[in-house]
Structures are given as C-alpha cells and as structure tokens.
There are 2 protein chains.
Amino acid sequence: MTASILVVEDEPAIQELIAVSLARSGHAVQRAASAEEAMRSIAGVLPDVVLLDWMLPDESGPILARRLRNEARTREVPIIMLTARASDEDKVAGLESGADDYVTKPFSPRELEARIQAVLRRRTPQLSKEAVEIEGLVLNPATRTVAGAGKSLKMGPTEFELLHFFMTHLDRVHTRAQILDQVWGDHVFIEDRTVDVHIRRLRDALSASGHDDLVETVRGAGYRFLSKR
Amino acid sequence: MTASILVVEDEPAIQELIAVSLARSGHAVQRAASAEEAMRSIAGVLPDVVLLDWMLPDESGPILARRLRNEARTREVPIIMLTARASDEDKVAGLESGADDYVTKPFSPRELEARIQAVLRRRTPQLSKEAVEIEGLVLNPATRTVAGAGKSLKMGPTEFELLHFFMTHLDRVHTRAQILDQVWGDHVFIEDRTVDVHIRRLRDALSASGHDDLVETVRGAGYRFLSKR
DNA sequence: CCCTCCGGTCACGGAACTGTCACACTACGA
DNA sequence: TCGTAGTGTGACAGTTCCGTGACCGGAGGG
C-alpha cells in the first residue's frame with residue numbers, strides 16, 4: 001500500500017535520504033524542515049502518515065505532535081517519530097504526545113517501510129469502537145448495545161448511530177444539517193425535520209432507563225447532548 | 001486479530017493513551033478506573049483480554065486478578081499486567097495471581113499490541129479444543145458434540161462451527177461477512193443471506209433443548225450470541 | 001444405483017424501520 | 001396578551017430487512 005507521507009526533518013541530508021527511500025517505495029512524499037513548514041504543508045494536503053523528527057532544534061517536535069492530535073482534521077493521522085536514541089524519556093514524551101510508533105536512528109529503509117505499513121494497516125476508517133459511558137448510560141459499539149440503570153435499552157439502528165454521535169460529541173450544539181451529515185452521511189437528501197422525529201424516538205428509548213432530559217433542544221439552532229444534568 | 005479489551009487503569013492520562021492506541025488498532029475498548037468498575041464492565045461484556053494496572057491505589061490489582069481467575073466466566077480471560085518497573089516482587093505477585101504476561105512502563109503501542117497478539121494466539125488454540133459452556137449449553141470440540149438440558153443436540157457440521165464461533169465470541173455483533181470469514185473461511189464466494197439460513201438451522205437445533213433466544217438478530221448489522229438471557 | 005444428508009440459493013410473507021406529513025403544542029418577541 | 005416561528009407527537013405508507021419453507025444438486029454410504 002502506498003501513501004501520502006509528510007517528512008518533518010531539519011537535517012537536509014537525512015531528509016533527502018528518507019524522501020528518496022520513500023519515493024522509491026512508491027509513496028508520495030512531502031517535506032518540511034520545521035513545524036511551521038509542516039503545518040503549512042498539512043493545510044494544503046492532508047497526509048496519510050507523518051514522519052516526525054523528535055530532535056528538531058527548537059524542541060518543536062513534541063509540540064507539533066500535540067497540535068496535530070488536538071485538531072480535528074489531523075487527529076486521526078498516524079505519527080511515527082524518529083529518535084536519535086531509544087531513551088526512556090523519549091518513549092514517554094513521544095507516547096504522551098500521541099505518537100503511534102517510533103523508530104530509532106539509525107534505521108534501515110526496510111524497517112521504516114515496515115513501520116509505515118503497520119500504521120497504515122492499523123488505521124481504521126470507521127468510528128472508534130470504544131465503549132462510551134455518560135451518566136450511567138453505556139453505549140457499546142462492539143456489542144451494539146445500550147444499557148442504562150441496569151437494563152438494556154432497545155432502539156433502532158438510526159437512533160443508535162444518533163446516540164453514538166451525541167455521546168462522542170458532548171455539550172456541543174449541532175444543527176440538523178450537521179447531524180444529517182454525521183449520522184446519515186453527507187450525500188443524502190433528507191428533510192431537516194426528519195431529525196426531529198428520530199430525536200423523539202431516541203428520547204423515548206432513553207426514558208426507559210430514566211435518562212430523560214439528556215437530549216436538549218436549542219431553539220432555532222439544533223440539538224445538544226448534555227454530559228451532566 | 002482484533003479483540004475486545006478491558007483497560008483497568010486509574011491514571012486518566014495513561015488510560016486515555018492506551019485506549020486510543022488500542023482503538024486505533026481496531027480493538028473494541030472498554031475502560032475502568034477501579035476494580036469495582038472493572039467488575040461491572042465485565043458483568044456486561046466479557047472481554048477477550050484484560051489490561052490491568054498493577055499499581056491501583058488501593059492495591060486492588062492483584063485482588064481483581066484473583067477474582068477473575070476464581071470465577072468460571074472469567075477464568076479463561078488472559079490478563080496482561082502493567083507495571084511501573086519490573087521489580088522481582090511484582091513479577092512474583094503477578095504470576096501468582098494468574099497474570100498471563102506483564103508489560104513494563106514505559107511501553108510503546110507496538111510492544112503492547114505485540115503482547116496482546118501473543119496472548120490471543122496462545123489462547124485461541126486452547127479455546128478451539130476445550131469444551132465451552134454457556135447457560136447450560138455445552139459444546140465439546142474434541143467430540144464434536146453439543147449437549148443442552150441433559151440431551152445431545154443434533155446439528156450439521158456448519159451449524160456446529162457456527163455455534164462454536166459464537167460461543168467463543170460472546171455478546172459481540174458480527175456482520176454476515178465477518179461470520180463468513182470466520183466460519184467458512186475468508187476466501188469463499190457465498191451469499192450473505194446464506195448465513196441467515198444457517199442461523200435458522202442453528203436456532204432450530206438449539207430450541208430442542210429449550211435454548212431459544214440465544215442467537216439474537218441485530219437488524220441492519222448482523223447477529224450476536226448472548227452470554228446470558 | 002438409490003437413498004439420505006447436507007449446503008447453498010431462491011421466493012415469498014411478515015416484521016421492523018424509515019421518512020414524511022398534519023396537527024398540537026411551546027417558547028419567544030412584539 | 002397575542003401571533004408566529006419553531007418544535008413535539010401520532011399516524012401512515014413505502015421500503016428495507018429478515019425468517020421461513022422449499023428446491024436442487026452434490027457427496028457419501030449402503
């Protein structure tokens with residue numbers, strides 16, 4: 001599998017080495033010598049993987065990693081960090097910043113390619129399958145179940161997806177159009193008011209476990225899911 | 001191979017780190033910050049692996065491990081313990097409590113994933129040989145027999161494999177494609193709807209011993225085998 | 001050769017779900 | 001207070017999805 005890869009490395013010789021190696025493997029390579037350049041590059045083209053030198057002169061490697069992790073657009077992009085030595089401090093700092101993997105210099109092109117393939121394979125296009133819990137309400141995507149107050153809640157597929165979306169986007173007001181985009185998909189042509197109906201069906205389902213008032217109507221704007229009552 | 005994983009870790013930052021990393025690898029993640037939460041979570045969904053922080057504030061890590069090992073439903077679930085440092089005392093205590101493996105902090109996502117895959121590999125062949133029992137329904141792979149309510153149940157080979165797959169992957173929803181991959185093999189060219197027919201044949205066979213309602217239809221998603229009614 | 005068992009497919013009917021509407025109701029400004 | 005825009009609710013028809021019985025063909029045994 002080939003990918004679009006951003007290489008963030010300040011040392012020209014090493015950057016060249018990596019870029020050539022990756023290009024030979026069929027990847028589309030973009031280069032940056034600093035965090036600023038990297039952000040500009042990402043603003044243009046969202047890469048599939050970021051190779052990030054941890055030893056940038058101004059200590060901007062970890063900072064850049066955190067920025068990528070904190071912004072919605074780049075949150076899911078895997079980061080492989082390049083470290084001079086595998087010290088424990090580096091590992092800890094890297095993991096806390098959200099790096100997916102690290103490669104210690106010196107490394108072979110083979111190893112680098114293997115790591116890239118690994119993170120690409122691991123990348124999941126779908127929503128996170130992690131269970132979510134709010135106010136005693138537990139939604140488990142793996143079992144496709146919702147439980148509240150000890151009992152299992154019954155609801156239709158659309159209501160389930162709707163609840164999943166809400167529980168992973170707490171306290172924010174979503175317009176009906178946004179909800180349609182996120183839950184139904186951005187290609188459908190469905191009336192806004194349809195959302196209202198599914199909101200009601202979701203409320204009905206939630207009230208079975210006493211979880212009323214979790215879905216709040218914001219008049220003139222849309223709906224919002226409250227993280228606490 | 002992806003799995004359902006329970007992360008027991010009281011430190012929110014580390015818990016988040018691990019959970020995100022595992023979710024990115026395609027695993028279904030459930031979280032708990034204490035032994036009590038962990039037990040509640042397990043009561044709902046039986047995980048394939050438990051990641052257990054050994055340094056829970058109230059010393060409940062080893063206690064939880066022993067409880068899991070002493071209860072029939074959780075006896076077979078592999079436990080990977082997370083230790084701050086690999087002191088000998090920890091190793092001894094961990095192994096005595098029944099942990100299958102341990103990982104020392106700091107650790108990389110790769111390392112963690114490798115350990116998980118290792119215990120899953122180690123566990124799977126055992127599951128395929130050992131008898132499985134759910135709700136009085138006993139499936140014995142060695143003799144290829146199924147017994148429920150005292151009498152032997154008659155079913156075809158495909159239904160047997162299907163039941164075996166279900167009984168070793170409880171509560172989770174499987175799409176028809178996943179079921180085809182796991183039971184028929186991932187190379188077959190069979191209609192999705194064929195799964196439906198075998199589901200019915202399996203249900204018919206199970207109803208002979210009164211085990212109705214064990215195979216649940218999840219409309220729009222697939223099927224799931226319930227561990228308790 | 002026949003007979004039985006089993007696996008895969010199909011067609012049909014029913015059940016569940018969806019999107020929409022009409023109407024009742026509520027909140028908010030004039 | 002009243003009017004109006006916005007929202008909740010019940011109902012309904014179209015659609016999708018699933019359970020079921022039946023069929024056919026192949027494998028294997030007597």
Side-chain angles (χ1 to χ4, degrees), chain A residues 144-146 152-166 173-208 211-226, chain B residues 144-146 152-166 173-208 211-226:
Chain A
R144 225 182 160 80
T145 53
V146 182
S152 172
L153 298 184
K154 186 170 159 48
M155 65 183 68
T158 305
E159 283 70 47
F160 183 88
E161 295 298 334
L162 185 58
L163 179 60
H164 191 196
F165 168 70
F166 272 137
V173 177
H174 307 280
T175 68
R176 292 173 174 76
Q178 288 171 338
I179 293 174
L180 280 175
D181 282 357
Q182 295 290 326
V183 178
W184 276 259
D186 55 1
H187 55 289
V188 295
F189 59 117
I190 292 182
E191 300 289 326
D192 274 8
R193 290 301 311 279
T194 299
V195 174
D196 297 22
V197 180
H198 284 279
I199 291 283
R200 176 174 63 87
R201 288 169 181 163
L202 175 59
R203 282 173 171 157
D204 287 348
L206 292 182
S207 73
H211 287 85
D212 303 277
D213 311 323
L214 272 180
V215 181
E216 188 182 69
T217 303
V218 182
R219 194 179 173 84
Y223 296 95
R224 157 168 58 177
F225 194 85
L226 301 175
Chain B
R144 291 190 75 86
T145 54
V146 182
S152 172
L153 297 184
K154 185 170 159 50
M155 66 182 68
T158 304
E159 284 71 40
F160 181 87
E161 293 299 333
L162 185 57
L163 179 60
H164 189 199
F165 169 69
F166 272 137
V173 174
H174 308 279
T175 66
R176 293 173 174 76
Q178 288 170 339
I179 294 173
L180 281 175
D181 283 357
Q182 296 290 326
V183 177
W184 276 259
D186 56 1
H187 55 287
V188 295
F189 46 94
I190 293 182
E191 300 288 327
D192 275 6
R193 290 299 310 277
T194 299
V195 174
D196 297 21
V197 180
H198 285 279
I199 290 283
R200 177 173 63 88
R201 289 169 180 164
L202 175 58
R203 281 172 172 158
D204 288 348
L206 292 181
S207 73
H211 288 86
D212 303 278
D213 310 324
L214 273 179
V215 181
E216 191 180 72
T217 303
V218 181
R219 195 179 171 84
Y223 296 95
R224 136 175 85 176
F225 195 85
L226 300 175

Looking only at atom types and distance, does a side-chain atom of A:Q182 sit under 3.5 Å from a main-chain N or O of A:I179, one as donor and one as acceptor?
no
Whichever of A:G220 and B:R219 has the more 5' nearest nucleotide on DNA chain D, that residue is A:G220
Could you walk me through whether A:R144 and A:E161 pass salt bridge (Lys or Arg N to Asp or Glu O under 4.0 Å), step by step?
CA-CA 10 Å; A:R144 225 182 160 80; A:E161 295 298 334; 3.2 Å; yes
Scan residues 197-206 of chain B against DNA chain C and write down, sorted by residue number, each residue with any heavy atom closer than 4.0 Å; if none is found, say none.
B:V197, B:H198, B:R201
Taking the nucleotide of DNA chain C with the nearest heavy atom to each, does B:K154 or A:F189 sit closer to the 5' end?
B:K154
Parallel, tilted or perpendicular, as decided by the 30° and 60° cut-offs, for the rings of A:H174 and A:F166
tilted
With a 4.0 Å limit, can you tell me whether A:T217 has a side-chain N or O closer than that to the phosphate oxygens OP1/OP2 of D:dG6?
no
Check the phosphate of C:dT18 against A:W184, side-chain N and O only, distance under 4.0 Å to OP1 or OP2. Yes or no?
no
At under 4.0 Å between heavy atoms, what does B:T194 touch on the DNA or RNA strands: base, sugar-phosphate, or nothing?
base
Which part of the nucleic acid, if any, lies within reach of B:V195 when heavy atoms closer than 4.0 Å are counted: base, sugar-phosphate only, or nothing?
nothing
Taking it one step at a time, do B:Y223 and B:V218 satisfy side-chain contact (heavy atoms from CB on, under 4.5 Å)?
CA-CA 5 Å; B:Y223 296 95; B:V218 181; over 6 Å; no
Give B:Y223 one of three labels, base, sugar-phosphate or nothing, depending on what nucleic acid heavy atoms sit under 4.0 Å from its own.
sugar-phosphate
A side-chain contact here means heavy atoms from C-beta on lying under 4.5 Å apart; do B:R203 and B:D212 qualify?
no
Any side-chain heavy-atom pair of B:F160 and B:L202 under 4.5 Å
no
Is the phosphate of C:dG7, meaning OP1 or OP2, less than 4.0 Å from a side-chain N or O of B:T158?
yes
Mind calculating the distance between CG (A:D192) and P (D:dT7) to the nearest angstrom?
10 Å
From the set C:dG19, C:dC6, D:dC18, return the single nucleotide nearest to any side-chain atom of B:R193.
D:dC18
Got a donor-acceptor pair under 3.5 Å from the side chain of A:R176 to the base of D:dG6?
no
